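Inspection log for the structure reproduced underneath, given as structure tokens.
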Amino acid sequence: MEILYKSTRGNGMPVKASQAILKGLSEDGGLFVPERIPMLDKSLKEFAQMDYRQVAYEVMKLYLTDFTEEELKNCIHSAYDSKFDMEAVAPLAEAGGAYYLELFHGATIAFKDMALSVLPHLMTTAARKNNVKNEIVILTATSGDTGKAALAGFADVEGTRIVVFYPKDGVSPIQEKQMVTQRGDNTLVVGIHGNFDDAQTGVKKLFSDQTLAKEMEEKGYQFSSANSINIGRLVPQICYYVYAYAMLLKEGRIQEGDRVNVVVPTGNFGNILAAFYAKNMGLPIGRLICASNDNKVLYDFFRTGTYDRNREFVLTTSPSMDILISSNLERLIYWIAGNDAEKTRELMSALSGEGKYEITEEMGGRLSDFYGDFAAEQEAAEEIGRLYRDCSYVIDPHTSVASAVYRKYREGTKDAATTIIASTASPYKFTRSVMEAIDAKYAAMGDFELVDELSRLSGVKVPRAIEEIRNAPVRHRKQCDVDEMKLVVKEFLGI
């Protein structure tokens, strides 16, 4: 049965999945959402007999209904191939009483690879299906990981160009080097003088700039997005929660129908929203535990019902969570508003203008699946050290926020349900923060010395993604102010 997509802000006709993927963002500034959430049409026992690619197909076919079986399977098999260093693609590691879903075994060693490996294939397939002749310009803001994963996915893909904006002083040294050494004639990486929210707001403005859209159309270009605002990013993320449950069932860790909790370190809200969609498809998920760092705007929202970005922006050791405007939350707001586009538009307008909004009591009552908490910098660092000492398992600073919040949740609620923690990045991506959390003596070492020391301590081979950038030349040195982003894009496109 076909599923169409409509904007959370209500303007425009519903579109097919391929059209929503190509557009990225609706013309009214809203996000595309499915008109209904489909139910899983295979049993959990059937999923337990499948590999990752098979699970991905069975989940994605339910949403991307205008893709043929052949088209979708080609996209999936092109994405989840030797770029991933483990056959399981997303293995589970048991440590400290929880299961860490390792989402960092792809080309850029972060969870963004799980969706951004398949998105370029979905997008080029969608372009063919819709007879798009324009060159697609991927425009993306990143807090550290999306940028490199998108660059890796779209580099030298025919018919596309990609521009990535990142906060110049707001990512880790490894993250920055991964981006600025990116090869590909169709790539541009730009450090902005501002934070991630500035970059994300600037990108959204470019998307809604109708004058620019007309100029681009005349030159044979059109924008699309690789950020998690693109439904083509969100749908592939649902797959790994289904896969994780299936693996626990296959290994006898749970019985069919047992509820599991899911903990997600959360920034732009896409990853935990994917788990929410999985739950509403029939996956037996109990609590959705939303873990924040010191930028605890989401924790405050779940606690009070008020979303307020008017606060100090804190740079932390978990930069992918250093976000005060969680874009994907708009999809949840639309859901709890009873799919009321007018109410959603009103709240988003308040966020844009006054920097805050308050949901109704009735809307708040629909958030019972969620639990929010946060871990401060010191707590997150201590969690890295604790897990290494107790279990010889090394996690990155984002995963440590989730792990610390899970311990608080379990102590506070006594809920002992089997729990999956989304492990969103390799510790190798944040070696300095990780190693100093394990022992302060590592502060004197250089970044790549720490890489080798981490390999020795963890017994895990240095990932190819890190080895590749040790001596790679810097190819992207462009920097700009936020108000210069449009000019930078136009220069790159020759407009």
Side-chain angles (χ1 to χ4, degrees), residues 1-6 17 20 32-67 69 72-73 76 89-90 92 98-99 101 103 114-115 118 228 231-264 266 269-290 328 331-339 365-371 415 417-422:
M1 190 172 170
E2 186 175 43
I3 287 185
L4 297 177
Y5 290 79
K6 54 189 178 182
F32 286 111
V33 289
E35 288 189 316
R36 61 182 174 83
I37 292 181
M39 297 301 291
L40 295 171
D41 63 357
K42 294 285 187 293
S43 72
L44 297 170
K45 283 185 177 176
E46 286 177 291
F47 279 119
Q49 302 309 312
M50 298 180 190
D51 65 19
Y52 191 87
R53 297 157 194 83
Q54 292 168 323
V55 170
Y57 171 73
E58 294 297 336
V59 172
M60 290 170 65
K61 74 173 189 187
L62 301 174
Y63 286 93
L64 309 183
T65 52
D66 66 326
F67 285 72
E69 179 178 350
L72 194 49
K73 285 184 174 178
I76 289 166
V89 180
L92 285 163
Y99 292 94
L101 178 59
L103 301 172
M114 300 300 296
V118 73
S228 56
I231 197 70
R233 272 278 304 274
L234 185 63
V235 169
Q237 290 180 288
I238 300 168
C239 305
Y240 46 71
Y241 293 109
V242 178
Y243 178 75
Y245 189 98
M247 290 305 96
L248 289 174
L249 182 59
K250 181 179 183 177
E251 294 167 7
R253 312 287 182 147
I254 56 174
Q255 299 300 309
E256 186 174 20
D258 285 354
R259 288 189 175 275
V260 301
N261 292 331
V262 172
V263 191
V264 186
T266 308
F269 207 75
N271 204 2
I272 195 164
L273 184 70
F276 176 76
Y277 274 41
K279 178 181 171 76
N280 282 280
M281 293 176 76
L283 194 68
I285 292 175
R287 300 304 297 276
L288 295 155
I289 300 168
C290 178
N328 270 290
R331 286 184 166 114
L332 182 64
I333 294 299
Y334 178 78
W335 172 281
I336 63 174
N339 297 349
R366 295 177 180 152
L367 292 174
S368 58
D369 290 338
F370 289 89
Y371 168 96
D415 181 356
T418 301
T419 296
I420 297 166
I421 296 176

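This is a predicted model, so every value here is computed, not measured.
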Can you find a heavy atom in the side chain of Ile421 that is under 4.5 Å from one in the side chain of Val264?
-> no

Answer yes or no: is there a side-chain heavy-atom contact under 4.5 Å between Phe67 and Lys73?
-> no

Can you sort out the partners of Thr418 under side chain to side chain contact (heavy atoms under 4.5 Å, CB included), two or more places apart, ordered by chain and number?
-> Tyr99, Leu248, Ile254, Val260

Which side chain to side chain donor-acceptor pair (under 3.5 Å) pairs, counting each pair once, include a residue from residues 270-287, with sequence neighbours left out?
-> Tyr240-Asn271, Tyr241-Asn271

Determine the minimum heavy-atom distance between Ala48 and Ala246, stating which atoms define it.
-> CB-O, 3.6 Å

Taking C-beta and beyond as the side chain, do Val263 and Thr419 meet within less than 4.5 Å on heavy atoms?
-> yes

Any idea which heavy atoms bring Leu44 and Gly257 closest together, and the distance?
-> CD1-N, 4.1 Å

CG/Asp369 to CD1/Ile336 distance, rounded to the nearest 0.5 angstrom?
-> 11.5 Å

Just jot down the side chain to side chain contact (heavy atoms under 4.5 Å, CB included) partners of Ala115, sequence neighbours excluded, or say none.
-> Arg233, Pro236, Gln237

Do Val33 and Ile231 come within less than 4.5 Å of each other through their side chains, counting heavy atoms only?
-> no

So do Asn261 and Ile285 actually touch side chain to side chain, heavy atoms under 4.5 Å?
-> no

Residues in ring pair (Phe, Tyr, Trp, His ring centres under 6.0 Å) with Tyr371, at least two apart?
-> Tyr409

SG of Cys290 to CG of Leu367: how many Å apart, nearest 0.5 Å?
-> 10.5 Å

Report the C-alpha distance between Phe47 and Leu40 in whole Å, list the side-chain angles of each, state the deciding distance to 0.1 Å, and finish with yes or no for side chain to side chain contact (heavy atoms under 4.5 Å, CB included).
-> CA-CA 10 Å; Phe47 279 119; Leu40 295 171; 4.0 Å; yes

Could you tell me the separation between the CD1 atom of Ile272 and the CG atom of Leu332, rounded to the nearest 0.5 Å?
-> 9.5 Å

Tell me, yes or no, whether the heavy-atom count around Glu2 atom CD, taken from other residues, nucleotides or ligands under 6.0 Å, exceeds 12.
-> yes

Tyr245 vs Lys250 side-chain heavy atoms within contact, under 4.5 Å | no

Residue pair Leu92 / Ala244: nearest heavy atoms and the distance that separates them = CD1-O, 3.7 Å

How long is the span from the CD1 atom in Ile76 to the SG atom in Cys239, to the nearest 0.5 Å?
-> 7.0 Å

Is the closest side-chain heavy-atom distance between Ser43 and Glu256 below 4.5 Å?
-> yes

Is the Phe276 to Phe370 ring centre distance short of 6.0 Å?
-> yes

Mind running side chain to side chain contact (heavy atoms under 4.5 Å, CB included) on Leu62 and Met281 for me, showing each step along the way?
-> CA-CA 10 Å; Leu62 301 174; Met281 293 176 76; 3.7 Å; yes

Flag the pair Tyr63 / Leu234 as yes when at least one side-chain heavy-atom distance between them is below 4.5 Å, and no otherwise.
-> no

Polar side-chain atom of Thr65 near backbone of Ile3 as donor-acceptor pair, under 3.5 Å = yes

Looking only at heavy atoms, which two atoms of Tyr52 and Ala90 are closest? And how far apart?
-> CE1-CB, 4.3 Å

From CD (Glu35) to CG (Leu4), nearest 0.5 Å = 5.0 Å

Could you give the side-chain donor-acceptor pairs of residues 53-61 under 3.5 Å, partners two or more places apart or in another chain?
residue: Arg53; atom: NE; partner: Tyr80; partner atom: O; Å: 2.7
residue: Arg53; atom: NH2; partner: Tyr80; partner atom: O; Å: 2.9
residue: Gln54; atom: OE1; partner: Asp51; partner atom: N; Å: 2.8
residue: Glu58; atom: OE1; partner: Lys42; partner atom: NZ; Å: 3.3
residue: Glu58; atom: OE1; partner: Lys61; partner atom: NZ; Å: 2.7
residue: Lys61; atom: NZ; partner: Asp41; partner atom: OD2; Å: 3.4

For Met247, does its backbone N or O pair with a side-chain atom of Arg253 as donor and acceptor, under 3.5 Å?
-> no

With sequence neighbours excluded, what pairs up with Arg259 under the salt bridge (charged side-chain N to carboxylate O under 4.0 Å, His left out) test?
-> none

